[in-house]
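Structure first, commentary second.
Both ligands and their constituent atoms are indexed starting at 1 by order of listing.
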Amino acid sequence: MTITISFQKSPKIKADTAIVAVYSDNRLSRSAEDINKKTGGVISHALKTQSVFSGKKGQTTIVTAPQDFEYERFVLFGLGDAGDLEATDCEETGGKIFLTLKCAGVEKAVLFADDNNKLKKVDAPELAAHVAMGIKLRSYKFDKYKAKDQDDSGSEFSRLEVAGDEASAARKFYDVLGSAAEGVFFARDLVNEPPNKLYPESFAEIIKTELKPLGVEVEIFDEKKMQKLGFHSHWEVGKGSANLPRVVVMRWKGSGKKKFEPMAFVGKGITFDTGGINLKPAAGIADMKLDMGGAAAVVGLMKTLALRKAKSDVVGIVGLAENTPSHNAYRPSDVIQTMAGKTVEVLNTDAEGRLVLCDSLTYIQRKYKPKFVVDLATLTGAMMVALGTEYCGTFVNDDDLWNAMDMASKKSNEKLWRMPLDKAYRKEMDGTISDLKNLGGRYGGACTAAGFLQNFIEDDRPWAHMDIAGTAWVHADTPLCPKPATGFGVRALDRLVAAYSE
Ligand code: BES
Ligand code: ZN
Ligand code: ZN
């Protein structure tokens with residue numbers, strides 16, 4: 001069940017729980033103080049009789065309300081000294097509040113948004129909106145393949161109201177955040193979906209079913225159309241599978257201008273990466289359903305833009321294929337064609353992502369002449385080795401684009417780290433009997449992969465490549481996301497689009 005969130009000056013719903021803030025050393029916020037007075041000091045008494053909760057940033061605790069009071073309980077959350085609070089802290093606190101609500105079996109809650117003059121880095125309505133966003137993001141569930149629990153009473157947290165004088169300003173912030181949350185959930189759903197259900201053809205259909213009604217134009221290229229348009233390299237990667245490749249192009253025309261001059265986003269969509277003839281070892285191979293995380297982020301972004309009716313022009317393209325060994329699969333040492341005309345010697349069929357992306361990059365640039373292109377791909381294990389799961393390595397050929405991405409990253413709680421593009425990495429990908437090869441040397445695998453892609457950027461177009469291999473997926477729950485799929489990229493790209501055009 002998804003949570004419905006509303007905003008009111010004073011609470012309109014019948015809720016079982018009130019959520020209120022507390023500062024360092026258990027100084028009560030105005031709404032906590034109100035409740036404390038109305039209950040004859042229940043909150044201050046409860047806080048005095050324990051020593052664990054002290055109002056530190058991110059702490060939460062539950063206080064039971066007196067009998068016959070309008071709420072059954074109060075959930076207190078710590079804001080610390082408030083002066084150094086950032087939007088990202090508020091979201092993580094929201095995530096913790098959600099877990100506390102879940103533990104207490106809460107169904108409906110009111111979050112009191114105080115007028116708060118101690119805040120310096122966020123203002124009070126923004127704080128409330130980000131706390132609500134944290135609650136929403138952490139509430140995500142993927143349980144469609146689980147049997148319903150017989151003992152399950154059906155009670156689940158489903159309703160949040162943000163109340164206070166600041167509520168209408170908070171709603172404005174949340175309108176933008178909430179659309180991003182829906183895009184993130186869509187991306188997580190797609191990545192969590194198993195590969196026997198999500199393969200190129202079904203993925204393409206899901207995109208159409210979900211995005212068309214929202215006003216996104218969706219075009220699907222099947223076998224014939226892909227051949228005709230020249231997606232040769234992409235085709236080679238997927239031709240060995242019973243589930244044949246697809247390309248999906250999505251257009252959001254929100255600027256109102258006659259001429260479509262979009263920003264472009266490209267996603268790697270390998271619905272399962274066995275490695276192909278260079279078969280992967282058993283350990284970790286089951287994770288390879290995540291190899292369409294880039295495509296999921298692009299699709300999630302398009303949903304977000306449509307939901308918030310972004311006043312921008314954006315085109316998204318996802319290259320979908322399954323990388324599987326068979327009698328018909330491409331082999332190591334094959335020389336293949338790309339749409340751009342360059343030939344590639346395949347030295348490892350497991351380095352397939354770049355062979356799919358290169359054709360989509362060429363197509364989108366030639367067809368739409370975009371302002372800039374950003375591609376997202378779970379491209380290399382080397383990226384995970386370099387930066388782990390916290391930061392997404394980002395290769396950018398243009399400082400202005402990087403600066404915009406850096407800002408978008410800070411606004412969205414999705415961390416990006418700039419990585420080097422260099423002639424030397426590119427040179428490592430030069431071919432022996434062909435123009436290029438798909439495998440570099442032993443070291444710097446994320447950088448040589450980016451170097452390979454750079455060969456397909458035309459006219460010095462501003463371009464960024466985000467290797468999300470480490471960030472698309474978590475092996476343990478995080479403050480804002482239950483494992484495994486994260487939906488990484490949707491939020492940062494949404495802020496990037498906003499920064500460029502709105
Ligand atoms: N999909 C993988 C990269 C990957 C690995 C993503 C782990 C997420 C987690 C990619 O197609 C791949 O297999 N890359 C190879 C490249 C190598 C053969 C040059 C790799 O990283 O080992
Ligand atoms: Zn691979
Ligand atoms: Zn892959």
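- Within 6.0 Å of the CZ atom in R366, the count of heavy atoms belonging to other residues, nucleotides or ligands exceeds 12.
- For atom 11 (O) of ligand 1, the protein comes within 4.0 Å by at least one heavy atom.
- The option from D350, L379, T380, V237 that lies nearest to atom 13 (O) of ligand 1, judged by heavy atoms, is D350.
- When only non-hydrogen protein atoms are considered, atom 19 (C) of ligand 1 lies nearest to L439 CD1, 3.2 Å.
- Here is the list of ligand 1 atoms found below 4.0 Å of a heavy atom in A469: 6 (C), 8 (C).
- A salt bridge is defined here as a Lys NZ or Arg NE, NH1 or NH2 lying under 4.0 Å from an Asp or Glu carboxylate O, and K369 with D459 fails to meet this definition.
- Residue K268 has at least one heavy-atom neighbour below 4.0 Å for each of these atoms of ligand 1: 1 (N), 10 (C), 11 (O).
- Protein-derived N/O/S atoms nearer than 2.8 Å to the Zn ion (ligand 3) total 4, waters excluded.
- Closest protein heavy atom to atom 2 (C) of ligand 1: D273 OD2, 3.6 Å.
- Residue N328 qualifies as enclosed at atom CG: its count of foreign heavy atoms under 6.0 Å is above 12.
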Begin from the C-alpha positions of L160 and I135 and carry the test side-chain contact (heavy atoms from CB on, under 4.5 Å) through to its verdict.
CA-CA 9 Å; L160 178 71; I135 293 176; 4.0 Å; yes
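- Looking from atom 18 (C) of ligand 1 to the surrounding protein, the closest heavy atom is N348 ND2, 3.6 Å.
- Ion pairing of E193 with K289 is absent here, as no side-chain N (NZ or NE/NH1/NH2) approaches a carboxylate O to less than 4.0 Å.
- Set against the non-hydrogen atoms of K280, the atoms of ligand 1 under 4.0 Å away are 12 (C), 13 (O).
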Run the ring-ring contact (aromatic ring centres under 6.0 Å, His included) check on Y363 and F221 step by step: do they pass?
CA-CA 12 Å; Y363 178 81; F221 303 156; 5.5 Å; yes
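- Within the structure, ligand 1 has L290 among the residues with a heavy atom less than 4.0 angstrom away.
- V298 is not listed as a side-chain neighbour of V266, based on a closest heavy-atom distance of 4.5 Å or more.
- Side-chain N or O atoms of T448 include none that pairs as donor or acceptor with a backbone N or O of G451 at under 3.5 Å.
- At the shortest separation from atom 20 (C) of ligand 1 among protein heavy atoms lies G381 N, 3.8 Å.
- Atom 7 (C) of ligand 1 has its closest protein heavy atom at M288 CE, 3.5 Å.
- The list of ring-ring contact (aromatic ring centres under 6.0 Å, His included) pairs with a residue in residues 396-421, not counting sequence neighbours, reads Y391-W417.
- Distances from atom 16 (C) of ligand 1 to the heavy atoms of R354, M383, E352, M384 put R354 nearest.
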When you look at D406 and L416, which way does the side-chain contact (heavy atoms from CB on, under 4.5 Å) test go after all the steps?
CA-CA 7 Å; D406 190 32; L416 307 182; 5.9 Å; no
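- Between the S202 side chain and the Y199 main chain, a donor and an acceptor come within less than 3.5 Å of each other.
- Under the 4.5 Å side-chain criterion, counting only non-hydrogen atoms from C-beta, F272 is not in contact with N243.
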